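Heads up, the thing below is written out as structure tokens.
Just so it is clear, the model here is predicted, and its values are computed rather than measured.
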Amino acid sequence: DRIMAERQPSEPMPDSEAFRSAFNAAWSELQPVFEAMVKEKIASKFQNKTLTQPNQDPLPESSTNTAKTEDFLKEVGESDETSSESDKSESDSEAGDAAHSSIDPALVTKLKKVVVNIEQFVQYTLGSENVGAFTGTGVIVDKKNGLILTNLHIAGQSPQRVKVTFENGDTCSAIGPLHNDPWHDLAFYKFDPESVECEFDEARLTTSFDLKEQDEVFMIGNNDGEGYSVKYGRVTNLKLNRGDRHSSAFQTSFDRTGGRSGSPIFDVAGNVVGLPMRGTETTSFQTRTEPDTDHLAQLIDQEHKQLK
């Protein structure tokens, strides 16, 4: 077609049969050279990779049927694409396994009993808070007194009805927020342990200052609205000052997803070391547990005084 298009108007129209015969004769001579060049190109690109799939014929030698050459090139291209996707998938899987290789799956399952999903229903608001239904996560820190720790930006300060959902689906109501600290973004809810039939446990709060950079951590929560989903990550920065709202924080490789607020951050031993504060699409900042421990001690002391 290109030859015909480039023909000068003054040139006579070539005889189609004669032209086709001459073209086929020329192609028969050039095809072995072309295929040898293709083989060399593929060999240099894929090096030691196998060029044939199982049950496929090896690379064809010379052939007068150009369709076979085209099919072969298509098959090699598809094989390379499939191989690359497979290699990437295996690489990603291995990287994911390596990221939490020290975390016991049985421990993760056990710790789901200390985590609860929180649903709030706000009809009348204080300040700039919004009316509506909201979801988040909390962690039981005192099962005897029914105390749940979460973020203040989840709890808010407006009057609200609160439903708490446990791992097995059981629910109960809660009151709160009982106590809050805007500077450290923490708040507590309280539920009646006697009203809950399912088994639940309490988390252990430990110091976050024992963490080291690249330590493995994991988070259990209501990530993307999926209850009790687990995320794994690493500590990436230990010394951050968020003075606009928080005096001290640490950074992890978790991303920011809706519903994760209030989710406990655990170390490899299963101790809570922080709560999510804010984040981006690729990283997350956590509040430290030290203020949580102090406020919890005050709440427990108040509970004891009330009992007396």
Side-chain angles (χ1 to χ4, degrees), residues 96-120 134-151 153-155 162-174 176 186-208 211 215-235 252-277 279 284 286-289 292-293 296:
D97 291 339
H100 53 90
S101 58
S102 302
I103 299 172
D104 184 3
L107 175 63
V108 175
T109 301
K110 178 181 178 182
L111 288 174
K112 289 186 177 182
K113 295 186 181 298
V114 308
V115 179
V116 295
N117 289 333
I118 297 172
E119 293 179 77
Q120 305 159 277
F134 309 95
T135 60
T137 308
V139 56
I140 302 171
V141 289
D142 185 340
K143 66 178 182 179
K144 179 181 178 181
N145 295 300
L147 297 178
I148 298 170
L149 171 66
T150 190
N151 289 119
H153 72 262
I154 285 292
V162 181
K163 183 173 77 172
V164 174
T165 303
F166 296 84
E167 180 199 13
N168 73 335
D170 283 1
T171 64
C172 72
S173 60
L186 67 89
F188 291 88
Y189 285 111
K190 179 178 173 61
F191 68 96
D192 180 8
E194 299 297 328
S195 67
V196 181
E197 296 182 357
C198 70
E199 181 182 357
F200 60 89
D201 206 346
E202 67 182 31
R204 298 188 305 270
L205 301 179
T206 192
T207 177
S208 61
L211 291 172
D215 275 358
E216 298 172 34
V217 288
F218 63 101
M219 174 172 60
I220 303 176
N222 195 30
N223 302 298
D224 281 330
E226 300 296 333
Y228 294 94
S229 54
V230 183
K231 284 195 171 186
Y232 299 91
R234 290 185 182 273
V235 177
T252 66
S253 58
F254 298 124
D255 59 359
R256 177 187 62 198
T257 54
R260 76 183 181 106
S261 293
S263 303
I265 311 297
F266 297 98
D267 62 14
V268 293
N271 301 309
V272 177
V273 291
L275 294 179
M277 169 183 51
S284 180
Q286 273 60 240
T287 61
R288 297 184 177 275
T289 50
D292 305 334
T293 303
L296 177 61

So, for [X] and [Y], which heavy atoms are closest and what is the spacing to 0.1 Å?
X    : Y    : answer
C172 : F166 : SG-CE1, 3.7 Å
N151 : G262 : OD1-N, 2.6 Å
Y189 : A155 : OH-CA, 3.2 Å
G138 : I148 : CA-CG2, 3.8 Å
C198 : D170 : CB-OD2, 3.2 Å
Y228 : T165 : OH-O, 3.3 Å

Find out whether [X] and [Y] are in side-chain contact, i.e. whether some heavy atom of one side chain is under 4.5 Å from a heavy atom of the other.
X    : Y    : result
L211 : V273 : yes
D201 : K143 : yes
N145 : K190 : yes
V230 : K112 : yes
S263 : V115 : no
I220 : V108 : yes
L149 : L186 : yes
E202 : V114 : no

[X] [atom1] to [Y] [atom2] distance, which is reported to the nearest 0.5 Å:
X    : Y    : atom1 : atom2 : answer
S102 : D267 : OG    : CG    : 11.5 Å
R204 : F266 : CZ    : CZ    : 9.5 Å
E119 : S173 : CD    : OG    : 12.5 Å
K231 : M219 : NZ    : CE    : 5.5 Å
D292 : T287 : CG    : OG1   : 5.5 Å
T137 : N117 : OG1   : CG    : 5.5 Å

Looking only at atom types and distance, does a side-chain atom of [X] sit under 3.5 Å from a main-chain N or O of [Y], one as donor and one as acceptor?
X    : Y    : value
Q286 : I265 : no
T289 : T206 : yes
Q120 : G136 : no

Evaluate the ring planes of F218 and Y232, with Trp represented by its six-membered ring, and classify them as parallel (under 30°), tilted (30 to 60°) or perpendicular (over 60°).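 Tilted.
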
Go through it in stages, so that I can follow the logic: the residues are F191 and V162, the test is side chain to side chain contact (heavy atoms under 4.5 Å, CB included), and I'd like the CA-CA distance, side-chain angles, deciding distance and then a yes or no. CA-CA 10 Å; F191 68 96; V162 181; over 6 Å; no

